[in-house]
Visitor: 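One structure coming up, written as structure tokens, with questions to follow.
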Amino acid sequence: MTVWDETVAPVVGCVICAYMWFSPLPLVREFMRNGSLEPFNPLPWVVTFGNCTSWLLYSSIIKDPYVFSANIIGVGTGLLWTLLALQIL
């Protein structure tokens with residue numbers, strides 16, 4: 001295994017994953033401005049929270065800091081987007 005395999009690629013993956021979790025931010029701002037979620041279905045945000053929670057537990061068991069760090073952000077943003085959607089509803 002090289003440094004690329006053990007460190008660089010996982011770190012790049014975590015950064016890309018963090019961008020993915022924050023990608024709904026412009027959409028959420030628009031929903032808050034409009035006061036409506038129509039025609040959007042917020043269920044994927046609830047599923048994101050559950051999925052990332054599962055991966056977080058798994059990463060704790062296998063003690064993988066890269067999987068953990070990518071999914072702790074997903075848990076936080078999934079919960080945040082879900083709570084904001086409930087507030088808008």
Side-chain angles (χ1 to χ4, degrees):
M1 298 285 271
T2 65
V3 173
W4 173 262
D5 297 336
E6 292 178 358
T7 306
V8 176
V11 168
V12 169
C14 289
V15 170
I16 291 170
C17 193
Y19 278 111
M20 179 181 68
W21 297 137
F22 282 103
S23 66
L25 183 59
L27 189 62
V28 170
R29 284 183 172 166
E30 181 182 330
F31 292 154
M32 293 185 80
R33 212 175 16 253
N34 296 340
S36 172
L37 294 175
E38 294 300 324
F40 182 76
N41 179 3
L43 186 59
W45 292 338
V46 177
V47 174
T48 295
F49 174 74
N51 179 52
C52 288
T53 300
S54 299
W55 277 103
L56 200 64
L57 294 172
Y58 173 71
S59 69
S60 297
I61 292 169
I62 65 167
K63 298 182 182 356
D64 187 325
Y66 300 112
V67 176
F68 184 88
S69 62
N71 285 286
I72 192 75
I73 297 169
V75 167
T77 57
L79 182 61
L80 176 64
W81 303 145
T82 301
L83 293 175
L84 288 172
L86 288 173
Q87 180 183 358
I88 294 168
L89 287 175

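Bear in mind that the values here come from a model prediction, so they are computed numbers and not experimental data.
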Visitor: Please tell me whether L80 and I88 are part of a single hydrophobic cluster in this structure, the criterion being side-chain heavy atoms less than 4.5 Å apart.
Guide: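 L80 clusters together with I88.
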
Visitor: By the rule that ILVMFWY residues connect when side-chain heavy atoms come within less than 4.5 angstrom, directly or transitively, which residues belong alongside L57?
Guide: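 Members besides L57: none; it forms no cluster.
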
Visitor: Looking only at heavy atoms, which two atoms of G74 and C52 are closest? And how far apart?
Guide: CA-SG, 3.6 Å

Visitor: For residues 26-40, run the donor-acceptor check on the side chains, cut-off 3.5 Å, and write out each pair with its distance to 0.1 Å, sequence neighbours left out.
Guide:
| residue | atom | partner | partner atom | Å |
| --- | --- | --- | --- | --- |
| N34 | ND2 | E30 | O | 3.4 |
| S36 | OG | E38 | N | 3.1 |

Visitor: Sequence neighbours excluded, which residues qualify as side chain to side chain contact (heavy atoms under 4.5 Å, CB included) partners of F49?
Guide: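 Result, side chain to side chain contact (heavy atoms under 4.5 Å, CB included) vs F49: T53, V75, L79.
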
Visitor: Give me the atom names and distance for the closest heavy-atom approach of A18 to I73.
Guide: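 Looking at all heavy atoms of both residues, the shortest contact is CB-CD1, 3.9 Å.
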
Visitor: So which pairs with a foot in residues 3-24 pass ring pair (Phe, Tyr, Trp, His ring centres under 6.0 Å), sequence neighbours left out?
Guide: none

Visitor: Does any part of the side chain of L25, heavy atoms only, come nearer than 4.5 Å to the side chain of W81, both counted from C-beta?
Guide: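 Yes, at least one pair of side-chain atoms sits under 4.5 Å.
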
Visitor: Say you draw a straight line from OG of S60 to CD1 of I72; how long is it, rounded to the nearest 0.5 Å?
Guide: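 S60 OG to I72 CD1: 8.0 Å, rounded to 0.5 Å.
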
Visitor: Check which hydrophobic residues are tied to V46 through side-chain heavy-atom contacts below 4.5 Å, counting indirect links as well, and list them.
Guide: L43, V47

Visitor: Just to verify, what does I62 make a side chain to side chain contact (heavy atoms under 4.5 Å, CB included) with, not counting sequence neighbours?
Guide: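 Applying side chain to side chain contact (heavy atoms under 4.5 Å, CB included) to I62 gives Y58, D64.
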
Visitor: Is F68 linked to M20 within one hydrophobic cluster, defined over Ile, Leu, Val, Met, Phe, Trp and Tyr using a side-chain heavy-atom separation of less than 4.5 Å?
Guide: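 Yes, same cluster.
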
Visitor: Between T7 and P10, what is the shortest heavy-atom contact and its length?
Guide: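 Looking at all heavy atoms of both residues, the shortest contact is O-CD, 3.2 Å.
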
Visitor: Please tell me whether W45 and L84 are part of a single hydrophobic cluster in this structure, the criterion being side-chain heavy atoms less than 4.5 Å apart.
Guide: yes

